[in-house]
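As structure tokens, the structure follows; a few thoughts come after it.
For clarity, every value in this text was computed on a predicted model and none was experimentally measured. Below, chain A is the first sequence line, B the second, and so on; all start at residue 1.
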Amino acid sequence: MKQFLSVHDVQDIDALIQRALSYKADPWKDQHLGKNKRVGLLFLNPSLRTRLSTQIAARYLGMEVIVFNVDKEGWALEFEEGAIMSGNTSEHVKDAAPILGKYFDILCIRTFPTLVNKEEDYSELYIRQFAKYAGVPVVSLESATLHPLQSLTDLITMHEFWPNSKARPKVVLTWAPHVKPLPQCVANSFAQWVNAWGKAEFVITHPEDYELDETFTRGASITYDQNEALRDADFVYVKNWSTYRDYGKIYSNDPAWMLTEDKLSLTRNARVMHCLPVRRNVELSDEILDGPHSIVTHQAANRVWAAQAVFSEILQHL
Amino acid sequence: MKQFLSVHDVQDIDALIQRALSYKADPWKDQHLGKNKRVGLLFLNPSLRTRLSTQIAARYLGMEVIVFNVDKEGWALEFEEGAIMSGNTSEHVKDAAPILGKYFDILCIRTFPTLVNKEEDYSELYIRQFAKYAGVPVVSLESATLHPLQSLTDLITMHEFWPNSKARPKVVLTWAPHVKPLPQCVANSFAQWVNAWGKAEFVITHPEDYELDETFTRGASITYDQNEALRDADFVYVKNWSTYRDYGKIYSNDPAWMLTEDKLSLTRNARVMHCLPVRRNVELSDEILDGPHSIVTHQAANRVWAAQAVFSEILQHL
Amino acid sequence: MKQFLSVHDVQDIDALIQRALSYKADPWKDQHLGKNKRVGLLFLNPSLRTRLSTQIAARYLGMEVIVFNVDKEGWALEFEEGAIMSGNTSEHVKDAAPILGKYFDILCIRTFPTLVNKEEDYSELYIRQFAKYAGVPVVSLESATLHPLQSLTDLITMHEFWPNSKARPKVVLTWAPHVKPLPQCVANSFAQWVNAWGKAEFVITHPEDYELDETFTRGASITYDQNEALRDADFVYVKNWSTYRDYGKIYSNDPAWMLTEDKLSLTRNARVMHCLPVRRNVELSDEILDGPHSIVTHQAANRVWAAQAVFSEILQHL
């Protein structure tokens with residue numbers, strides 16, 4: 001693996017899942033693989049789980065880790081080619097990235113979308129500029145439109161709860177209400193990975209106007225009827241996102257879309273997933289999060305093994 | 001030791017002091033005790049000495065350390081059970097703590113009081129919620145009402161300066177002026193530990209209206225007469241705190257309460273202690289801080305050994 | 001070496017350059033030199049390259065590193081002797097520094113000038129107070145008026161590109177436009193080191209009113225005519241600074257002072273240097289930064305070896 005920006009950088013999804021699970025069984029088994037290697041974790045936006053799990057994964061492989069919160073400890077970066085930098089940005093990615101590439105063997109970066117300029121966000125300008133100029137493998141810790149480490153984690157988790165079955169599980173991605181306009185990253189990326197995996201019956205449900213980019217959803221069934229979607233589901237993935245077409249808006253925020261025990265009774269005792277952080281009693285009810293169907297903590301713990309598997313594949317080709 | 005939130009978590013104070021001093025004599029002697037263990041240091045409020053000394057102590061025991069400034073790098077946490085999270089908090093401690101418990105073997109947390117809501121502060125809601133949901137040992141790096149690592153440090157320091165004596169030292173905790181309303185934590189905790197230790201004649205002195213919670217002070221003599229308190233003292237602990245009864249206020253801020261050389265002449269050549277940071281020439285005069293009676297730097301350096309002793313006891317039961 | 005605040009702390013510049021280059025050739029060769037030693041990196045101002053390169057250098061020598069952003073994670077420090085601390089500063093350097101000296105074997109500090117009070121800035125009050133009270137070696141990560149790690153890096157870089165020649169290279173430090181008033185540190189320090197090195201024909205060029213402190217420039221030729229300065233140059237160091245005499249101002253900001261390919265044609269195929277971050281198309285044109293004459297990335301990468309050489313010299317005398 002030369003970089004990790006999306007599922008397209010993965011040759012064999014199932015092999016990557018197996019590698020992650022082998023680390024879960026024995027985290028320290030490759031603790032010499034990253035000896036004398038150094039990974040930089042750059043955050044242009046804040047992070048809890050991603051920062052901690054990635055840092056832990058790198059240490060299991062014996063790598064040095066340096067975390068750098070660019071937004072707080074550094075300064076505003078410029079990403080436009082040819083910019084006359086007389087404004088607020090004080091360093092161009094063309095100058096910053098090559099030096100980071102000299103300092104680190106692997107560079108991990110989190111960027112966020114503007115939610116204002118769709119073309120800019122969906123061009124993934126920021127992370128692509130880093131990947132272009134760094135000269136070392138770049139790993140996405142979530143970018144403007146995708147969150148591949150989260151999606152790999154999600155597949156690992158579903159694999160664990162659906163191990164030897166021959167029947168394909170029914171996987172439902174359901175939109176949920178929220179109080180702020182959120183990126184489409186997690187939903188886009190989940191759709192992209194489940195479709196590429198090809199081992200599930202995949203349904204996406206959301207209110208009208210919340211259609212996602214077809215680039216990622218193609219292959220899934222899409223319906224506005226949440227109840228119909230939930231029927232006989234084996235996994236329910238709950239997530240809010242803002243509108244994609246008329247970009248970055250909240251059109252309707254109907255509380256009836258919150259997942260509750262009542263709705264869950266339509267499923268086949270489905271496991272409930274969420275990438276966290278979750279707004280309790282807005283996206284998901286307390287009764288579900290505190291009940292037996294929720295696997296969100298289990299899922300978040302798997303973030304470590306996803307990151308470790310990705311680092312491991314990259315290190316083998318350094 | 002299963003957690004370290006107050007003196008009540010300590011079975012044998014003297015043994016803990018001895019353990020700390022054994023690390024002071026030979027910091028690296030147990031450097032394999034924490035091998036492959038990981039401690040998380042979460043700060044909901046900023047810290048200098050506590051952060052550094054705890055991090056250093058953990059490394060002496062061979063543990064991995066990750067520092068996380070939740071207030072700056074993360075987001076606002078919700079602590080109320082049953083909250084409908086449509087406001088400013090973006091993650092519930094019920095979701096954050098269990099995941100941190102998956103990521104870390106020991107979790108250290110600093111929280112601060114509101115100084116507005118006495119019931120909430122004195123219920124220690126924040127740190128107790130973490131301890132309840134983390135599933136791993138929680139160590140207080142200062143909470144709303146207590147600061148046990150500081151108090152352990154204080155006893156270690158007094159023990160060093162009063163080693164073989166059979167007579168009990170006279171220990172005076174004296175209120176001092178300040179410019180901001182401060183928590184009662186250090187004073188509460190010092191009182192709680194000195195009383196539990198039982199090896200000192202213990203006097204607390206402060207202006208009227210600055211009474212502390214009797215839960216912690218019971219056993220000490222309390223007087224409004226600073227001069228009387230200081231007479232023949234062996235140790236003088238200087239600290240400001242805001243009012244407890246009419247909560248979080250500054251009633252009087254009489255500069256005459258600042259400790260000076262004149263007042264110190266009433267004592268038996270007392271050693272002067274302070275937890276730092278100290279407002280020079282407000283709480284304590286330059287002449288004392290720069291003179292031979294001050295042991296504040298010595299005391300602050302002991303923070304490392306206090307933390308190391310606590311980690312060591314916890315690691316032995318992991 | 002007992003401290004590293006300026007070139008005056010260096011006995012033999014060439015030996016230090018050679019040491020740095022020996023680490024560049026084999027970074028891990030002294031990885032046991034710093035075993036069980038701890039270095040603290042204190043930032044009173046933000047940093048990217050300095051923070052990362054210094055941290056990496058320390059790890060190559062096996063030292064523990066703790067980074068502390070005092071401005072963000074800590075609190076405002078007081079530096080005035082005798083201050084009555086009833087204002088915004090909450091800890092005096094006289095109390096903070098000795099404790100940091102107990103916690104760390106080496107203390108690295110970045111401070112910045114006010115650009116308002118020339119006397120205070122040029123007295124280097126902040127870093128000198130730290131050095132006075134810490135009780136351990138202090139390394140400057142840039143102070144109010146100097147940036148010695150950058151200057152050592154600059155000499156290392158010039159040495160690499162001018163290795164065996166007997167003729168002295170012509171080195172030109174040229175002022176460049178900028179949008180904000182910047183410190184004189186990098187220019188002062190570069191002048192101080194090039195003069196002390198004594199191996200170059202050294203010319204400084206800048207618009208009228210941008211004269212630097214003669215303490216540092218004495219020995220260099222100084223001219224307002226940039227074209228004349230550039231003629232036959234072997235190295236061109238581009239840097240903005242604000243005025244020194246009428247302190248901290250921007251007098252003229254003539255865009256004609258930006259270095260372009262046209263101007264570079266006056267030189268002897270000069271290498272172009274800059275300490276970064278650089279404002280593209282304000283200080284330096286894209287065509288130069290993206291062209292074959294720029295060695296700014298190479299130069300920035302050398303920051304690691306400069307820091308490693310300095311740590312190494314200090315560790316040998318601990």
Side-chain angles (χ1 to χ4, degrees), chain B residues 24 26-28 31 41 43 45-60 62 65 67-73 110 177-180 182 253 255 258 274-287 289-290 294-305 307, chain C residues 34-44 46 55 58-59 62-109 129-130 132-136:
Chain B
K24 185 168 184 169
D26 186 1
W28 300 99
Q31 65 179 291
L41 270 53
F43 292 93
N45 294 86
S47 160
L48 172 68
R49 261 158 295 274
T50 297
R51 188 257 233 218
L52 297 176
S53 62
T54 309
Q55 196 166 355
I56 290 166
R59 292 298 299 150
Y60 276 139
V65 186
V67 175
F68 194 77
N69 297 311
V70 178
D71 53 338
K72 307 220 176 50
E73 300 176 80
R110 162 168 288 198
H178 203 280
V179 297
K180 294 200 299 186
L182 296 191
N253 208 21
M258 179 173 83
H274 189 287
C275 62
L276 305 181
V278 60
R279 296 272 184 153
R280 280 178 174 250
N281 303 314
V282 176
E283 296 176 81
L284 268 167
S285 64
D286 272 346
E287 55 182 5
L289 280 165
D290 298 332
S294 167
I295 56 173
V296 300
T297 301
H298 185 104
Q299 179 186 2
N302 279 340
R303 291 291 306 270
V304 174
W305 322 116
Chain C
K35 190 167 183 299
N36 291 358
K37 297 282 189 255
R38 199 181 302 117
V39 59
L41 271 52
L42 266 76
F43 291 93
L44 279 72
Q55 196 166 355
R59 292 299 298 149
M63 280 191 281
E64 295 280 332
V65 186
I66 298 183
V67 175
F68 194 78
N69 297 310
V70 178
D71 54 337
K72 308 221 174 48
E73 300 175 79
W75 37 65
L77 289 170
E78 177 64 53
F79 290 90
E80 290 297 332
E81 296 280 347
I84 297 169
M85 291 173 58
S86 56
N88 289 323
T89 56
S90 50
E91 179 150 33
H92 203 287
V93 67
K94 290 170 79 169
D95 299 310
I99 291 154
L100 294 171
K102 297 269 188 183
Y103 290 167
F104 296 105
D105 300 288
I106 301 175
L107 208 50
C108 301
I109 298 167
Q129 289 278 64
F130 264 109
K132 180 175 175 187
Y133 291 111
V136 297

What one should report as the nearest heavy-atom pair of C:G82 and B:D286 is CA-OD2, 3.2 Å

If you compare all heavy atoms of B:T297 against all heavy atoms of C:P98, which two are closest, and at what distance to 0.1 Å? CG2-CB, 3.9 Å

I'd like to verify something: which residue of B:L52, B:L289, B:I56 has the highest number of heavy-atom pairs under 4.5 Å with chain C? B:I56

Any idea which of B:K180, B:Q31, B:Q55 has the most non-hydrogen atom pairs under 4.5 angstrom with chain C? B:Q55

Is it true that, when you exclude B:D26 itself, more than 12 heavy atoms of the residues, nucleotides or ligands shown sit nearer than 6.0 Å to its CG? yes

May I have all residue pairs that pass salt bridge (Lys or Arg N to Asp or Glu O under 4.0 Å) and include part of residues 82-93 of chain C, sequence neighbours excluded? B:R49-C:E91

Based on non-hydrogen pairs under 4.5 Å, which of C:H92, C:K102, C:K94 is most in contact with chain B? C:K94

C:K132 meets the side-chain contact (heavy atoms from CB on, under 4.5 Å) criterion, sequence neighbours left out, with C:E81, C:Q129

Which residues pass the side-chain contact (heavy atoms from CB on, under 4.5 Å) test with B:S53, sequence neighbours left out? B:R303, B:V304, C:Y103

Do B:Y60 and C:R38 have side chains that get closer than 4.5 Å, going by heavy atoms? yes

Within residues 275-285 of chain B, which positions have a heavy-atom distance to chain C below 4.5 Å? B:L276, B:P277, B:V278, B:R279, B:R280, B:N281, B:V282

Just verifying a value: how many Å separate C:N69 CG and B:N69 CG, rounded to the nearest 0.5 Å? 9.0 Å

